[in-house]
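Following: one structure in structure tokens, then a few remarks.
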2 protein chains.
Amino acid sequence: MGHLPFQRLQVELTNLIASLPTESRLPSEPVLARELGVSRSTLREAMRSFETQGLIRRKQGVGTFVIGEVPVIDSGMEVLESIETSAGRIGLSVSTDSLKVERLSADAEWAGVLDVPIGNALTRVSRVILTDERPVAYLVDTLPESILSQEDLITGFTGSVLDLLLRRGSPRLVSSRTEIKAVNATAEVAHMLEIQRGDVLLNFTASLYSTAGRVIDHSFSYFLPGYFSFHVNRRVG
Amino acid sequence: MGHLPFQRLQVELTNLIASLPTESRLPSEPVLARELGVSRSTLREAMRSFETQGLIRRKQGVGTFVIGEVPVIDSGMEVLESIETSAGRIGLSVSTDSLKVERLSADAEWAGVLDVPIGNALTRVSRVILTDERPVAYLVDTLPESILSQEDLITGFTGSVLDLLLRRGSPRLVSSRTEIKAVNATAEVAHMLEIQRGDVLLNFTASLYSTAGRVIDHSFSYFLPGYFSFHVNRRVG
DNA sequence: CAGTGGTCTAGACCACACG
DNA sequence: GTGTGGTCTAGACCACTGA
């Protein structure tokens, strides 16, 4: 009956995961593969989507664990707000990890994106968002140093560049143009989010504008599906 | 220095694909794997993202081909419009394939979603969108038969349920609530889109509302990344 | 150290297109 | 039939965790 190992596997894994209590550990991959009558490769492939859905968590050197209810961070796309704000609305506290602030020089491409001369100093802030120890988003903000310098980040920086700019009040922000894509995790992003290379991610590429129509900030955001719910109300043409 | 076969592979494949003319065929997988000094599994894994980006096209039993410039269908999320309309704006003609119309009975879940009694007759329209022979989107619309019957679809149905409802003018439509996700292709969807199971897709789940606030239609849409560009302007809270 | 998940290999067999 | 991409296997080795 082994005609469709994969689809059968998905069903059996679904049942197995549902039958186990939260936080419990699955059998190791070699053992589980033997029990289910498939090779380890096939088992791992089937497990992929379960992790991006937030149903299990794999930790290298430790094991694979069942996750219970995932607190889904809900956010409407009409309004731009930080993940901290979205999470706060559902009473979820998130933390920032792997915060990195870099100073770099604008090459031709970045000069074009941010509308500054080539060679201008830029500030780049990258960070990982955690909910309950789980990395769920990776964010990279790039903006002119004249707008945000490393010194600005010393005091009272919680992690969100957007929240910092809003709190400071200048320059005044009005809107962001956001492009929505689905991507495979690159090796770098996979490492930051503790997932596997090639796993599916939701990606936003956004430019933030001031009232003067200037580009204030450019950001790449990568979200683990299963932990977020983005929605939008579209009017009929 | 084969310490990072995969990352090196990505670079070499990028160069190889860029160096070949449009429509040309790549060497077969066993040959190419040997030439690049990796196993076939690794080669195929690395090729995955190239296909979802629209850079190559794999055809079972035929070969793997280089795609040139992909016409990207650009669409703003503020306004709901059919893919035909979005494609038309950039002068691209798309066609419908694998059109299937089903009649089914509302179970408890669908009754709740569409706000009809359990057991009510429903119409389901599923189809694949092609651009230049390439399946790029898979759409499934489900709605009460009282709103759209199979007879309504006999004459002048181009494929888009939305366009048909708009042309008919009743019921009057106002908006849609759309949820945005990134997913792995299921076996079924992968087959319809001629991609591999597990490949990354952008997914919209939407409910369409009438002026009376009734749910008129529920749809699942799956898009191949690389062929679409969805964007939204977000205002600052 | 032993045991876990992460990566990669070599090869088998299947499904499909085309001559 | 021949050759292609699609699936699956068995096993090796690495990277990491924790006792």
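Proteins come first, then strands; the chains are lettered A, B, ... in the order of their sequence lines, and each starts at number 1. Just so it is clear, the model here is predicted, and its values are computed rather than measured.
- C/dA10 atom C1' lies 13 Å from atom CZ of B/R34, rounded to whole Å.
- Residues passing the ring-ring contact (aromatic ring centres under 6.0 Å, His included) test with B/F157: none are found, sequence neighbours excluded.
- Atom CZ of A/R44 is separated from atom C1' of D/dT7 by 17 Å (rounded to the nearest Å).
- Within residues 55-64 of chain B, the residues that place at least one heavy atom under 4.0 Å from DNA chain C are, in residue-number order, B/Q60, B/G61, B/V62.
- For B/Q196, taking side-chain heavy atoms from C-beta onward, the closest of the listed nucleotides D/dG6, C/dG6, C/dC8 is D/dG6.
- Per the geometry, CD belonging to A/E29 stands 14 Å off C1' belonging to D/dG11, to the nearest Å.
- Residues passing the ring-ring contact (aromatic ring centres under 6.0 Å, His included) test with B/H218, sequence neighbours excluded: B/W110, B/F220.
- Residues B/L13 and B/A46 share a closest heavy-atom pair of CD1-CB, 3.9 Å.
- At whole-Å resolution of the value, CZ in B/R25 and P in C/dC18 are 12 Å apart.
- In this structure, the CD atom of A/E45 is 17 Å from the P atom of C/dG5, given to the nearest Å.
- Counting only residues at least two apart or in different chains, salt bridge (Lys or Arg N to Asp or Glu O under 4.0 Å) contacts with residues 99-108 of chain B comprise B/R103-B/E145.
- Distances from the side chain of A/V38 to the nucleotides C/dG6, C/dA12, D/dT9 place D/dT9 closest.
- Closest-nucleotide positions on DNA chain D for B/E51 and A/G37 were compared, and the one nearer the 5' end corresponds to B/E51.
- Close to C/dT9, at under 4.0 Å from its OP1 or OP2, lies a side-chain N or O of B/T42.
- When each of B/R197 and B/V31 is assigned the nucleotide of DNA chain D bearing its nearest heavy atom, the one mapping closer to the 5' terminus is B/V31.
- D/dC8 atom P lies 10 Å from atom CD of A/Q10, rounded to whole Å.
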Below 3.5 Å, can you tabulate the donor-acceptor pairs from side chains in residues 23-37 of chain A to any protein atom, sequence neighbours excluded?
from, atom 1, to, atom 2, distance (Å)
A/S24, OG, A/P21, O, 2.6
A/E29, OE1, A/R40, NE, 2.9
A/E29, OE1, A/R40, NH2, 3.1
A/E29, OE1, A/R44, NH1, 3.2
A/E29, OE2, A/R44, NH1, 2.8

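- At D/dA10, none of the side-chain N or O atoms of A/S41 fall inside 4.0 Å of OP1 or OP2 (strictly under the cut-off).
- More than 12 heavy atoms of other residues, nucleotides or ligands shown are found within 6.0 angstrom of NE2 on A/H231.
- Nucleotide D/dG5 holds its C1' atom 13 Å from the CG atom of B/D199, rounded to whole Å.
- With D/dG5, D/dA12, D/dA10 as the choices, the nucleotide that has an atom nearest any side-chain atom of A/R40 turns out to be D/dA12.
- Residues meeting the ring-ring contact (aromatic ring centres under 6.0 Å, His included) test with A/F223, sequence neighbours left out: A/F204, A/F228, A/F230.
- In this structure, B/L9 places its CG atom 9 Å from P of C/dC8, rounding to the nearest Å.
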